[in-house]
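Numbers restart at 1 for each chain; the letters A, B, ... are given by sequence-line order, proteins then strands.
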Number of protein chains: 2
Amino acid sequence: MATGRTHRPATRSRGIPEATVARLPLYLRALTALSERSVPTVSSEELAAAAGVNSAKLRKDFSYLGSYGTRGVGYDVEYLVYQISRELGLTQDWPVVIVGIGNLGAALANYGGFASRGFRVAALIDADPAMAGKPVAGMPVQHTDDLERIIEEDRVSIGVIATPAGAAQQVCDRLVAAGVTSILNFAPTVLSVPDGVDVRKVDLSIELQILAFHEQRKAGEEPGADTAAASAGEAAGAPAAAAVVPPAPRGTAGGSGRKGPDGDVPAVMPA
Amino acid sequence: MATGRTHRPATRSRGIPEATVARLPLYLRALTALSERSVPTVSSEELAAAAGVNSAKLRKDFSYLGSYGTRGVGYDVEYLVYQISRELGLTQDWPVVIVGIGNLGAALANYGGFASRGFRVAALIDADPAMAGKPVAGMPVQHTDDLERIIEEDRVSIGVIATPAGAAQQVCDRLVAAGVTSILNFAPTVLSVPDGVDVRKVDLSIELQILAFHEQRKAGEEPGADTAAASAGEAAGAPAAAAVVPPAPRGTAGGSGRKGPDGDVPAVMPA
DNA sequence: TGCTGTGAACTAGTTCACAGCT
DNA sequence: AGCTGTGAACTAGTTCACAGCA
């Protein structure tokens with residue numbers, strides 16, 4: 001997979017660490033806000049606070065892009081906005097298609113944050129014939145049949161999948177076959193794609209589960225000082241009920257057992 | 001901030017690495033799917049493939065939870081489902097409130113993946129009086145005025161913010177004051193919270209920006225071999241237009257310049 | 001024989017602390 | 001004097017590779 005040079009501090013744009021790339025949009029947003037307030041310069045300290053990171057990390061991140069600051073002064077806001085935008089590729093126009101126009105797809109279509117960052121919604125696509133032609137976010141929904149034509153005509157390279165889990169892989173395959181090389185996946189499934197195609201995943205329920213994990217820890221540790229002995233009564237922020245699935249400490253072979261309820265296709269709405 | 005023991009391989013549940021916690025929901029989903037197909041056991045190799053990670057990582061992850069596998073055989077699916085659920089705290093009932101019932105809030109309210117994982121939507125809250133009482137996902141929307149009462153009565157400890165950026169911090173403050181200790185933030189803002197409150201952030205446009213970054217790299221490197229000189233013509237997968245903001249290689253003081261359009265409040269819909 | 005569980009080696013990311021410019 | 005830029009130290013996360021058990 002072309003690992004490139006092992007690692008080098010990168011005098012210029014080569015090899016920006018992934019973690020840094022993930023933070024650039026954060027800096028960009030903070031800088032945009034400053035720019036709108038006509039603030040001419042910021043120190044790493046101020047900008048870091050606005051972006052919610054620490055200043056050493058921010059300076060290190062910027063050092064991968066080049067030396068855009070002025071010692072003793074700080075960073076020129078407008079200049080830095082441009083440099084980061086360029087680095088992220090936002091000075092170009094990126095047409096995207098959104099497939100699956102349920103609640104989530106509609107929310108995405110209406111999302112102002114795309115347009116203002118160089119992304120242009122080229123088409124909204126849904127498999128439901130009843131949706132076809134209906135306007136969503138001021139744009140008619142098109143049928144899945146036209147997917148390939150749309151991708152090719154508009155030279156779309158980024159696709160957003162907001163379909164139910166069951167449809168996601170199929171949609172993904174068609175997008176990729178038509179020329180899409182980056183996919184943002186909201187469906188709760190693992191997508192398999194050929195080499196050279198990027199997939200990023202946003203999973204609404206995973207984030208909640210991670211919060212629940214930490215929340216659970218808090219409940220157990222809250223009362224004591226730090227070393228955390230188990231609390232006797234009910235801890236302050238502890239949740240209400242408890243008990244959902246009785247353990248299955250080691251089943252024999254056995255049947256399915258549970259009735260298999262909402263199961264694993266919890267996507268937002270049919271496409 | 002109470003770093004705890006520096007690090008220990010963790011014979012039991014103490015100190016599960018954050019990266020591992022973030023993957024547990026992935027494993028859980030894959031296991032649930034297997035469970036529904038009544039598959040009794042899986043090898044680390046199979047499960048890893050289903051979850052989209054490599055098997056060494058999966059085994060290491062599971063080793064932090066304990067030794068739940070059988071050498072030569074694999075893992076008991078039902079048993080592992082239970083163990084991971086328990087570890088994540090999903091065997092409890094977690095009431096959550098969703099604040100901001102625009103398109104996104106509605107999508108979240110309708111999302112089946114919550115209910116099936118121990119999360120219960122306790123209330124939908126919106127600041128718009130016109131929304132109050134309207135049913136969304138079979139549940140009446142309640143007004144922001146009742147926020148504190150709802151949180152306290154239902155002992156809600158997890159809040160989801162799906163308001164526009166401008167309202168997010170204020171909503172957050174009220175949630176926290178009322179007793180919420182975990183927040184899932186969809187608004188494109190940095191929230192500041194007191195110690196002991198967890199915030200996780202999902203940002204729709206950040207993910208796209210990260211994709212754009214990689215997409216841009218692909219376009220530049222595709223034609224040539226590796227060192228990537230600028231391509232003369234238009235590269236294969238390159239996007240259409242180009243040119244958004246002309247550089248400002250070092251402005252003087254100057255005014256705001258750009259007209260300040262959609263700006264930085266690109267949230268999905270008013271709350 | 002086949003698979004898990006895990007030390008050990010490696011790689012990525014973060015933080016410290018200070019040299020060097022303005 | 002003040003703030004950036006960055007080596008160096010540290011911490012977290014991943015991958016390797018194999019011992020050990022079923």
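Rounded to an integer number of Å, the gap from B/Leu58 CG to C/dG5 P is 10 Å. Per the geometry, CG belonging to B/Leu24 stands 15 Å off C1' belonging to D/dG13, to the nearest Å. With rounding to whole Å, B/Tyr79 atom OH is found 16 Å from C/dT4 atom P. Rounded to whole Å, the distance from CG on B/Asp61 to P on C/dT4 is 14 Å. Between the CD1 atom of B/Ile16 and the C1' atom of D/dA12 there is a distance of 15 Å, rounded to whole Å. The distance between atom CD of B/Glu45 and atom P of C/dG5, rounded to the nearest whole Å, is 14 Å. Rounded to whole Å, the distance from CG on B/Leu47 to P on C/dG2 is 20 Å. What separates OH of A/Tyr64 from P of D/dG7 is a distance of 10 Å, to the nearest Å.
Residue A/Tyr75 is in sugar-phosphate contact alone, with no base atom involved, counting any heavy-atom pair closer than 4.0 Å across all strands shown.
Comparing A/Gly72 and A/Ala19 by the nucleotide of DNA chain C that holds the closest heavy atom to each, the one mapping nearer the 5' end is A/Ala19. Between A/Val73 and A/Glu18, the residue anchored closer to the 5' end of DNA chain C is A/Glu18, taking for each the nucleotide with the nearest heavy atom.
Not one side-chain nitrogen or oxygen of A/Ser44 sits closer than 4.0 Å to the OP1 or OP2 atom of D/dC3. The shortest distance between the side-chain N/O atoms of A/Asn54 and the OP1/OP2 oxygens of C/dT15 is below 4.0 Å. Checking the phosphate oxygens (OP1, OP2) of D/dT4, no side-chain nitrogen or oxygen of A/Thr70 falls inside 4.0 Å.
Residues A/Glu36 and A/Thr32 have side chains that never bring a donor and an acceptor to within less than 3.5 angstrom of each other. A donor atom on one side chain and an acceptor atom on the other are found under 3.5 Å apart for A/Ser44 and A/Arg59. For the residue pair A/Ser35 and A/Glu78, a side-chain donor N or O sits within less than 3.5 Å of a side-chain acceptor on the partner.
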Test log, rule side-chain hydrogen bond (donor to acceptor under 3.5 Å, both in side chains), inputs B/Asp61 and B/Thr20: CA-CA 6 Å; B/Asp61 283 343; B/Thr20 295; 2.7 Å; yes
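Nearest nucleotide to the B/Lys60 side chain, out of C/dG7, D/dG13, D/dC3: C/dG7. Minimum atom distance to the side chain of A/Arg23 is reached by C/dT14, of the listed C/dT14, D/dG13, C/dT6. Listed nucleotides D/dC18, D/dT6, C/dG13 differ in distance to B/Arg59; the shortest reach to its side chain belongs to D/dC18.
The base of C/dT22 is not paired with the side chain of A/Arg71 by any donor and acceptor separated by under 3.5 Å.
Put simply, the side chain of B/Gln209 reaches to within 4.5 Å of the side chain of A/Leu90, judged on heavy atoms.
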